[in-house]
Amino acid sequence: MKENESTAPADFIRDIVATDVAAKKHDGRIHTRFPPEPNGYLHIGHAKSICLNFGIAAENAGGCCNLRFDDTNPVTEEPEYVESIKADVAWLGFDWSDREYYASQYFETLYESAVGLIKRGKAFVCSLTESQIRDHRGTLTEPGSNSPDRDRAVAENLDLFGRMRAGEFEDGVYVLRAKIDMAHSNIHMRDPIIYRIRHAEHHFTGSAWCIYPMYDYAHPISDAIERITHSLCTLEFEIHRPLYDWFVNEVDLPCRPRQIEFARLNLSYTVMSKRRLLELVRDGNVSSWDDPRMPTLSGIRRRGFTPEAIRNFCRRIGVTKYDGITDIALLEHCVRDDLNKHSPRAMAVLNPLRVVIENYSEEHEENLAAINNPEDDSMGIRQVPFSRVLYIEQDDFMEDPPKKFFRLAPGREVRLRYAYYITCTGVDRDPATGQILQVRCNYDPATKGGSSPDGRKVKGTLHWVSAVHAVDAQVRLYDRLFTVEDPLADTSVSDYRELLNPNSLEIVDAAKLEPGLADAAPGARFQFERLGYFCVDRDTSPQQHIFNRTLPLRDSWAKIRSQQNGKQANDKTA
RNA sequence: UACCCCGUGGUGUAAUGGUAGCACAACAGUUUUUGGUACUGUUUGUCUAGGUUCGAGUCCUAGCGGGGUAACCA
């Protein structure tokens, strides 16, 4: 990670941390953790939390951040997710060193702490069924009522809890509950369940356990065991904080961590919850968890987004308690900003139109020097082959151009980037269909390299690829996943998936690339001049080159054109 | 109609009782061998009503609006 990246602007959490450091709380020690449950893939919302937790650790002398898998529910968790999470955190650029922990490592301590709670009369074994417990819990507006088992003798609780662990009971027969207050205004304080029986294989502990601790119990104690100083989580856990504090106070622990909540990231034109993302994958709305349209870290990685851009984005969105929705345009800006500075340029034609330079010899061909990145001289130059027959973009030619169209048209002169000025002398069309087959041009040999000795100006510059040298490729054009900013809030449809963008993927099968692109490795990123940023897909092969469009370049001509179309439509209706 | 949290331009965020600033977006322009980039400029904001204070986005009260919470999920 770069030096200038290492500090983020202050926010309310960093203020608290700074205050605690100054007050020598925890001896001035700062220790955070990123605690994913291994039951799904990480998305860009997790990146916010990762950047926050690892960022704060890095900004404070001696600060550490643990990677801790919160694996207390064996029925939903799998090693596949552990591996993908580790890969994603590492890709984002963060190093947890040897601090890779699992809540399941603490099962014995957690168990003993629960025994301690029972001995002190702070927990009891309850035989109520799931629905009875729900009924006893009361509602948001009414208090709950005590379990008939609430005053069970300590010795009996101890015996029962030991037999729960020993596997004497079926799932659901007993639970262990904290004894707090069934009339508490916070429902989470109404004798919450802290252990349940689950005869299930755990991805890490196998069949060693058949009782598993609940999040509210396991999390504060895991934090304390790791001597976490600041336990950062999202807003929906705010109401759990009194319970977090209750356990921190009631259990004898080496450290008293503080939970602080911040707003999760919401992004426009996408959905972020694991559940929705799973639906999209399962129902085939996207091809996989790493479909380049997905907001998963694996998806945006395959799309061509860089970890630098994502870190920069996370720094710029800030950290607050306001639950808003961030414009995806800011993410896109960060990606373009990074890619503009660092990705090499190349020329590629997506929708080829044949151009014949009639006064350029059929026998002749030459190499022309092209700048690899005008933003960075150190990236040097490359040679691009030029010959009599070329491809240009279909959009770059119009027989009857509107106002402000600066590209090729009959009689018009334009520049071919790094090559020559050419003037259109005519078009050849299919006599049957009238479709344009090719454009005929003359070139000016004096304009080699793309500038004229007489200083005459041309308004348009076109990218091009030499036909005989061109490499064929499939190009996948990705766009935003949804057509509206907040698909889940839209009440005009019954299912948010009706709002999926039907044009979020367009496949171009016959793109023509400059030859140097043929041996680009999977993951390699380029700017195709005048088009956008592209990267080599992981499915690419020597037989079929595949590129993904990361993002298009900003396009002010597209804006003018749509304004002109709008005006035309208005004129017609008027 | 219980409790908790949150309200600053279109969006995201600063201002820690003392000139409401930044970024993105939008719009206009300059430069340009990418209609990209860069640069310049413009538009738009403290939810409302009271109170405290020389002075309130900031503190207090009430209202209004938004979010969260009743898995043996995390």
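Just so we're on the same page: letters track the sequence lines, and every chain starts at 1. Just so it is clear, the structure is predicted and the values come from calculations on it, not from any experiment.
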Go through the structure and list residues passing ring pair (Phe, Tyr, Trp, His ring centres under 6.0 Å) with F262(A), not counting sequence neighbours. none

Suppose you measure atom [atom1] in [N] against the same atom in [M]; what distance do you get, rounded to whole Å?
{"N": "rU46(B)", "M": "rG9(B)", "atom1": "P", "answer": "7 Å"}
{"N": "rA74(B)", "M": "rU61(B)", "atom1": "C1'", "answer": "39 Å"}
{"N": "rA25(B)", "M": "rA71(B)", "atom1": "P", "answer": "43 Å"}
{"N": "rC59(B)", "M": "rG41(B)", "atom1": "P", "answer": "34 Å"}
{"N": "rU37(B)", "M": "rU31(B)", "atom1": "C1'", "answer": "11 Å"}
{"N": "rU43(B)", "M": "rU1(B)", "atom1": "C1'", "answer": "42 Å"}
{"N": "rA70(B)", "M": "rA28(B)", "atom1": "P", "answer": "49 Å"}
{"N": "rG21(B)", "M": "rA26(B)", "atom1": "P", "answer": "23 Å"}

R417(A) and its salt bridge (charged side-chain N to carboxylate O under 4.0 Å, His left out) partner, picked from E514(A), E529(A), E393(A): E529(A)

Which of these passes salt bridge (charged side-chain N to carboxylate O under 4.0 Å, His left out) with D396(A): R415(A), R412(A), R530(A)? R530(A)

Would you check, one step at a time, whether the test side-chain hydrogen bond (donor to acceptor under 3.5 Å, both in side chains) holds for R480(A) with T270(A)? CA-CA 7 Å; R480(A) 294 170 179 180; T270(A) 190; over 6 Å; no

Under a 3.5 Å limit for both distances, which nucleotide forms a Watson-Crick or G-U wobble pair with [N], could you say?
{"N": "rC22(B)", "result": "rG12(B)"}
{"N": "rA38(B)", "result": "rU30(B)"}
{"N": "rC59(B)", "result": "rG51(B)"}
{"N": "rC64(B)", "result": "rG7(B)"}
{"N": "rU69(B)", "result": "rA2(B)"}

Syn or anti for rA71(B), given that syn means the glycosidic angle lies within 90° of 0? syn

Output one letter per nucleotide in nucleotides 68-74 of chain B: B when a protein non-hydrogen atom lies under 4.0 Å from the base, S when only the sugar-phosphate is that close, - when neither is. BBBSBSB

So if I define the base as every atom that isn't primed, P, OP1 or OP2, how would nucleotides 15-33 of chain B read as a B/S/- string at a heavy-atom cutoff under 4.0 Å? -B------SSSSS-----B

Please classify the nucleic acid contact of [X] as base, sugar-phosphate, or nothing, using heavy-atom distances under 4.0 Å.
{"X": "E332(A)", "value": "nothing"}
{"X": "I560(A)", "value": "base"}
{"X": "F405(A)", "value": "base"}
{"X": "E238(A)", "value": "sugar-phosphate"}

Using whole Å, report how far [atom1] of [X] lies from [atom2] of [N].
{"X": "Q259(A)", "N": "rC4(B)", "atom1": "CD", "atom2": "P", "result": "17 Å"}
{"X": "K321(A)", "N": "rC6(B)", "atom1": "NZ", "atom2": "P", "result": "5 Å"}
{"X": "R264(A)", "N": "rG66(B)", "atom1": "CZ", "atom2": "P", "result": "21 Å"}
{"X": "F313(A)", "N": "rG12(B)", "atom1": "CZ", "atom2": "C1'", "result": "9 Å"}
{"X": "H463(A)", "N": "rG35(B)", "atom1": "NE2", "atom2": "C1'", "result": "13 Å"}
{"X": "W557(A)", "N": "rG36(B)", "atom1": "CH2", "atom2": "P", "result": "13 Å"}
{"X": "L339(A)", "N": "rA38(B)", "atom1": "CG", "atom2": "P", "result": "13 Å"}
{"X": "I317(A)", "N": "rG12(B)", "atom1": "CD1", "atom2": "P", "result": "11 Å"}

Exercise: identify the closest heavy-atom pair between H136(A) and M182(A): O-CE, 3.3 Å

Please say whether the positively charged group of R276(A), taken as NZ for Lys or CZ for Arg, lies over the ring of Y496(A), i.e. under 6.0 angstrom from the six-membered ring centre and within 45 degrees of the axis. yes

Under the 6.0 Å and 45° cation-pi test, does R198(A) pair with Y212(A)? no

Does the ring center of [X] lie less than 6.0 Å from the ring center of [Y]?
{"X": "F386(A)", "Y": "W464(A)", "result": "yes"}
{"X": "Y215(A)", "Y": "H219(A)", "result": "yes"}
{"X": "F526(A)", "Y": "F534(A)", "result": "no"}

Presence of salt bridge, R68(A) and D223(A), under 4.0 angstrom: yes

Could you say whether the aromatic ring of F406(A) and the base of rG35(B) stack, counting only centre distances under 5.5 Å and plane angles under 30°? yes

Comparing nearest nucleotides in RNA chain B, the 5'-proximal residue of the pair F12(A), L531(A) is F12(A)

Phosphate-side-chain proximity, S556(A) and rG36(B), N/O vs OP1/OP2 below 4.0 Å: yes

Think T320(A) has a side-chain N or O under 4.0 angstrom from the OP1 or OP2 of rU13(B)? yes

From F169(A), Y111(A), F124(A), residue fulfilling ring pair (Phe, Tyr, Trp, His ring centres under 6.0 Å) relative to F161(A): Y111(A)

With the side chain defined as heavy atoms from C-beta on, Y322(A) is closest, among rG35(B), rG7(B), rA38(B), to rG7(B)

